[in-house]
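Structure record follows, encoded as structure tokens.
Chain identifiers are assigned alphabetically (A, B, ...) following the order of the sequence lines, protein sequences preceding nucleic acid strands; residue numbering begins at 1 within each chain.
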There are 2 protein chains.
Amino acid sequence: MATTLRDIAAACGCDTSTVSRALRGDGRLSADLRDRIIATAARLGYRPNLAARHLVTGRTRTVWMLSGGLEAPTDHLPAIAAASHLRGRGYDLLVAVHQGDREGHDRLLGRMRQQVCDGAIILASHLDQDSHALVALAATGFPIVFVDRHVPGIPAPVVTSANKAACAGLVAAAAAAGAQRAVILFGRRNTVDSERLDATHAALRDHGMVADGRGPVAILGQDEQVIRRIMDQQGIHPCMIGVFDRWTGPAPQDCTVVVQPQDFTSMAEVASDLLLDRMEQHVAPSGKHEIPCPAAIRIG
Amino acid sequence: MATTLRDIAAACGCDTSTVSRALRGDGRLSADLRDRIIATAARLGYRPNLAARHLVTGRTRTVWMLSGGLEAPTDHLPAIAAASHLRGRGYDLLVAVHQGDREGHDRLLGRMRQQVCDGAIILASHLDQDSHALVALAATGFPIVFVDRHVPGIPAPVVTSANKAACAGLVAAAAAAGAQRAVILFGRRNTVDSERLDATHAALRDHGMVADGRGPVAILGQDEQVIRRIMDQQGIHPCMIGVFDRWTGPAPQDCTVVVQPQDFTSMAEVASDLLLDRMEQHVAPSGKHEIPCPAAIRIG
DNA sequence: TTGTAAGCGTTATCAC
DNA sequence: GTGATAACGCTTACAA
């Protein structure tokens, strides 16, 4: 059996409430007793039972991050950054993954209403897009924050990259590389994808470029793998590739690759702080927060 | 405020203990009352307070997975597989990430002794290798299981791929491709790396191959990125590349790439079941469990 | 079939 | 400064 406050109280000949206070530095008590308590607590290897503490305080000092899967950098980079940022604030971050499974997804959202965490960072997936469970959770006032993708209509802060600016930059780079048209691999699979699609079309118009036709072509997309696949399948030889986050290996022949990184660390930190605001004061700026992207990197 | 058993009891004119039993299908009680209780619970949106339940039962039906970082497939693939497997067994999986930080690492291990989870799957990192906190945790009899990497000397089940056989297979493929020597990129960074290094050397001897000299060369390693870098830096043109888990893109000129996948899903499932054994019966086979690798894939 | 009551390990509000 | 004492919300014998 684990040591409890009672064991320490018995060993020190005092009351459990005194031990509790001593161990939390709360209240004023004689230095002598305090030291004795702390010493025996250490000797007995005392660890507070968090279930009991949570029950009485109603708070867990724990934040969950809900994620569909962890493969993508857009999922695990924010997780890592938020974990260390929140740790510094005295909170533990736990990542819950539902892997596209509706039942698991809903169960995890349900858990949040059961005193297992004080708030949650949501990396929205397609499941969230019409999730009754998520709407219900948000309706209770439970503190949530979206990172990167979000669900329109749910009143919670959203932290994203400055996607419009980033896409405009990529299109400008495409034009500078001599492209007269572009293959656009952004779609409408989520809010980020959608925003990039719209921003890219707008920027193309500004540069007098078109989506199809003849002449030197650029490829713009989110993901290296997808871009490579399309190039192979359709035999495209672009003069420029614009891609988010990363490109492994060298640039293809006669082609400039422009990589637009995203600052997931800042995104996670801003999101964490917004969440802490909501958790601690129940007040929250529920709008959109755009994190500037680092300078683009040119390969080849 | 959230609805509690008392609210339902009041609404139904019965006792909280009756509500508790009705909601868990425990005990026998009149169908009428049971239905009324269930209906009002649903109407009031009742969700059991898990902190309270954990306190009284001493169990959380939660498993933690401890991971250094989530970038590598060896980290997130087991996480995803274990999450869905454990969900089916009535447990929630939460991933805790310490990102190479000693303080965070120890704090998370400490949490496990504080009734936040019933057991843990450990993806051992360099921090665990001489972690006093991990040794202390294991010494308490807290149920843990290692997946992939492990910490020698800690009495807990270890689930790995059949690395010896896999390495022997890669060396055989190298020989078949005409290689007379091999550049080995396995090191001694962790237990898996080490095991592969030894197994590969042994297999090379069996095939009469050497680590350096002249003649057609093979490169054997864990990671595509590392292999590509070494090839570039040292200007090596291998006749065969043996790599674990994945190779993106085509094979280099005049080179066969043999990819040896690992079955992380099975590994995670076996590990989960071993952990459940330990958690539920406190009995456990503490040895090594090797999961066969899927057939190797040949590219080029 | 249902109610009573004890208790899980803490924290917090009082007295003294 | 320190000790009773009452919660927190739930489960679980044991009575009735």
Side-chain angles (χ1 to χ4, degrees), chain A residues 1-38 40-41 44-62 90 110-118 140, chain B residues 1-38 40-41 44-62 90 110-118 140:
Chain A
M1 287 305 301
T3 356
T4 70
L5 286 184
R6 283 183 55 171
D7 301 326
I8 300 172
C12 293
C14 66
D15 192 79
T16 59
S17 56
T18 309
V19 178
S20 174
R21 276 175 303 210
L23 259 25
R24 269 172 311 113
D26 181 13
R28 333 115 288 249
L29 62 163
S30 69
D32 171 45
L33 182 52
R34 178 169 51 74
D35 293 348
R36 235 173 55 236
I37 289 176
I38 291 178
T40 54
L44 299 178
Y46 171 72
R47 314 238 76 198
N49 182 321
L50 293 185
R53 176 179 290 173
H54 297 166
L55 177 57
V56 60
T57 60
R59 308 185 54 239
T60 61
R61 297 196 74 82
T62 296
R111 288 281 176 270
M112 297 180 191
R113 291 198 266 167
Q114 302 191 252
Q115 333 289 324
V116 297
C117 59
D118 298 341
T140 66
Chain B
M1 288 305 302
T3 29
T4 71
L5 287 186
R6 283 183 55 171
D7 301 326
I8 300 172
C12 293
C14 66
D15 192 78
T16 59
S17 58
T18 308
V19 178
S20 172
R21 278 174 301 212
L23 258 26
R24 268 172 312 111
D26 180 13
R28 327 122 289 249
L29 61 162
S30 68
D32 171 46
L33 182 51
R34 179 169 50 75
D35 293 347
R36 237 174 52 236
I37 288 175
I38 291 178
T40 52
L44 299 178
Y46 172 72
R47 313 239 77 198
N49 181 322
L50 293 185
R53 175 179 290 174
H54 297 165
L55 177 58
V56 60
T57 61
R59 308 185 53 239
T60 61
R61 296 194 75 81
T62 295
R111 288 280 177 270
M112 297 179 190
R113 292 198 264 168
Q114 302 192 254
Q115 333 289 326
V116 296
C117 59
D118 298 341
T140 65

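The OH atom of B:Y46 sits 3.5 Å away from the CG atom of B:L5 when rounded to the nearest 0.5 Å. B:I38 contributes atom CD1, which lies 6.0 Å from atom CG of B:D35 (distance to the nearest 0.5 angstrom).
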Below 3.5 Å, can you tabulate the donor-acceptor pairs from side chains in residues 15-25 of chain B to any protein atom, sequence neighbours excluded?
unit_1: B:D15; atom_1: OD2; unit_2: B:S17; atom_2: N; d: 2.9
unit_1: B:D15; atom_1: OD2; unit_2: B:S17; atom_2: OG; d: 2.7
unit_1: B:S20; atom_1: OG; unit_2: B:R24; atom_2: NH2; d: 2.9
unit_1: B:R21; atom_1: NE; unit_2: B:S17; atom_2: O; d: 3.4

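The end-to-end axis angle of the helix from C:dT1-D:dA16 to C:dC16-D:dG1, rounded to 10 degrees and based on five pairs per end, is 40°.
Using a 4.5 Å heavy-atom threshold, the side chains of B:I8 and B:I37 count as touching.
B:R24 places its CZ atom 11 Å from the P atom of D:dA13, with the value rounded to the nearest Å. The nearest whole Å value for the distance from the CG atom in B:L23 to the P atom in D:dT12 is 14 Å. Taking atom OH on B:Y46 and atom C1' on D:dT11, their separation rounds to 10 Å, with Å as the unit. We find that CZ of B:R59 is positioned 13 Å from P of D:dT11, with the value rounded to whole Å.
Applying the side chain to side chain donor-acceptor pair (under 3.5 Å) test to pairs two or more places apart or on separate chains, those with a residue in residues 48-60 of chain B are B:R59-B:Y91, B:T60-B:D118.
Contacts of residues 48-58 of chain B with DNA chain C (heavy atom under 4.0 Å): B:L55, B:V56.
Minimum interatomic distance between A:G45 and A:T3 (heavy atoms only, all atoms of both residues): O-OG1, 3.8 Å. Considering all non-hydrogen atoms of both residues, A:C117 and A:M112 come closest at SG-CG, 3.9 Å. Closest non-hydrogen pair, A:L29 versus A:D26, comes out as CD2-O, 3.9 Å.
Close approach of DNA chain C to chain B, defined as any atom under 4.0 Å from a non-hydrogen atom of the protein, starts and stops at C:dT1 to C:dG9.
Scanning for side chain to side chain donor-acceptor pair (under 3.5 Å) contacts around B:R111 gives A:D92, B:Q114, with sequence neighbours left out. Residues meeting the side chain to side chain contact (heavy atoms under 4.5 Å, CB included) test with A:R36, sequence neighbours left out: A:C12, A:D32, A:L33.
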Could you run down the sub-3.5 Å N/O contacts of the protein with nucleotides 1-4 of chain D?
unit_1: D:dT2; atom_1: OP1; unit_2: A:S30; atom_2: OG; d: 3.1
unit_1: D:dT2; atom_1: OP2; unit_2: A:S30; atom_2: N; d: 2.8
unit_1: D:dT2; atom_1: OP2; unit_2: A:S30; atom_2: OG; d: 3.3
unit_1: D:dG3; atom_1: OP2; unit_2: A:D15; atom_2: N; d: 3.1
unit_1: D:dG3; atom_1: OP2; unit_2: A:T18; atom_2: OG1; d: 2.6
unit_1: D:dG3; atom_1: N7; unit_2: A:R21; atom_2: NH2; d: 3.0
unit_1: D:dG3; atom_1: O6; unit_2: A:R21; atom_2: NH1; d: 3.0
unit_1: D:dA4; atom_1: OP2; unit_2: A:D15; atom_2: OD1; d: 3.4
unit_1: D:dA4; atom_1: N6; unit_2: A:S17; atom_2: OG; d: 3.2

